[in-house]
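Step one of this worksheet: look at the structure below.
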Amino acid sequence: MTFYTEPTYYMKTALSDLQGAWQNLRDAVVEAHPFAESGRLLFHIDEGMSWENVRDLDSMRKTLVLIRNITAQSQVPDQVSEWVEMVWETLEKVFAAVAKGGVI
C-alpha cells in the first residue's frame with residue numbers, strides 16, 4: 001500500500017496571486033474600518049472570495065465590478081482603492097492565463 005506524501009513545493013499561479021490580492025483588500029478594509037461603506041464592502045469582498053465565485057470567475061468579476069462601483073462612489077481610504085485595482089489587475093491576469101490554456 002502506498003501513502004500519499006505532501007508536496008514540498010507549491011507552484012505559484014495566477015490563482016494564488018488572486019487569492020492573496022483578495023485577502024490584502026479585505027485586510028485593508030478591516031484596518032481602515034469604520035468608514036462609510038466598510039461593512040458593505042466587507043460583505044461583497046467575502047462574497048467575491050467565496051468558493052462559489054472561485055469556481056465561477058465570471059461571477060467573481062461581477063462581484064468585483066460592484067465593489068469597484070461602491071469604492072468609486074464613496075469616500076474610501078486610498079489603500080482600499082489601490083487594493084481594489086490590484087484585485088482587478090490580478091483577475092485580468094487569471095483570465096489571460098485561462099485564455100492561453102496554461103496552468104493558472
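Interatomic distance, CD of Glu37 versus CG of Leu42, reported as 11.5 Å (0.5 Å rounding). Rounded to the nearest 0.5 Å, atoms CZ (Arg40) and OG1 (Thr71) are 10.5 Å apart. The CG atom of Leu66 lies 9.5 Å from the CG atom of Leu64; values are rounded to the nearest 0.5 Å.
Hydrophobic clustering (side-chain heavy atoms under 4.5 Å, transitive across Ile, Leu, Val, Met, Phe, Trp, Tyr) groups Leu91 together with Trp51. Ile67 and Val65 fall within the same hydrophobic cluster, where Ile, Leu, Val, Met, Phe, Trp and Tyr residues are linked whenever their side-chain heavy atoms come under 4.5 Å apart, directly or through other members. Connection of Met60 to Phe43 is not established within any shared hydrophobic cluster, with ILVMFWY side chains joined at heavy-atom distances below 4.5 Å, either directly or through further cluster members. A continuous path of ILVMFWY side-chain contacts below 4.5 Å connects Val30 to Met49, so both sit in one hydrophobic cluster.
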Under 3.5 Å, which donor-acceptor pairs link side chains of residues 78-86 to any protein atom two or more places apart or in another chain?
| from | atom 1 | to | atom 2 | distance (Å) |
| --- | --- | --- | --- | --- |
| Glu85 | OE1 | Arg68 | NH2 | 2.9 |
| Glu85 | OE2 | Arg68 | NE | 3.2 |
| Glu85 | OE2 | Arg68 | NH2 | 3.4 |

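Side-chain atoms of Asp17 and Thr90 form no donor-acceptor pair, as typed in the model, at a separation below 3.5 Å. A donor-acceptor contact under 3.5 angstrom links the side chains of Asp27 and Gln23, judged on distance only. Under the 3.5 Å distance criterion, with hydrogens and angles disregarded, no donor-acceptor pair is assigned to the side chains of His44 and Thr63.
Between Trp22 and Val87, the shortest heavy-atom contact is CE2-CG1, 3.6 Å. Of all heavy-atom pairs spanning Pro34 and Ser38, the tightest one is CA-OG, 3.9 Å. The minimum heavy-atom distance linking Ala32 with Phe35 is given by the pair O-CD2, 3.4 Å.
Between Arg61 and Glu92, some side-chain heavy-atom pair lies under the 4.5 Å cut-off.
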Practice prompt. Tell me, with the steps shown, if Asp58 and Phe95 meet side chain to side chain contact (heavy atoms under 4.5 Å, CB included).
Written response: CA-CA 9 Å; Asp58 287 323; Phe95 278 108; 3.7 Å; yes
Item to complete: Determine, stepwise, if the pair Val29 / Arg26 fulfils side chain to side chain contact (heavy atoms under 4.5 Å, CB included).
Response: CA-CA 5 Å; Val29 172; Arg26 190 178 197 293; 5.9 Å; no
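Within the 3.5 Å criterion, the main-chain N or O of Ile70 finds a donor-acceptor partner in the side chain of Ser74.
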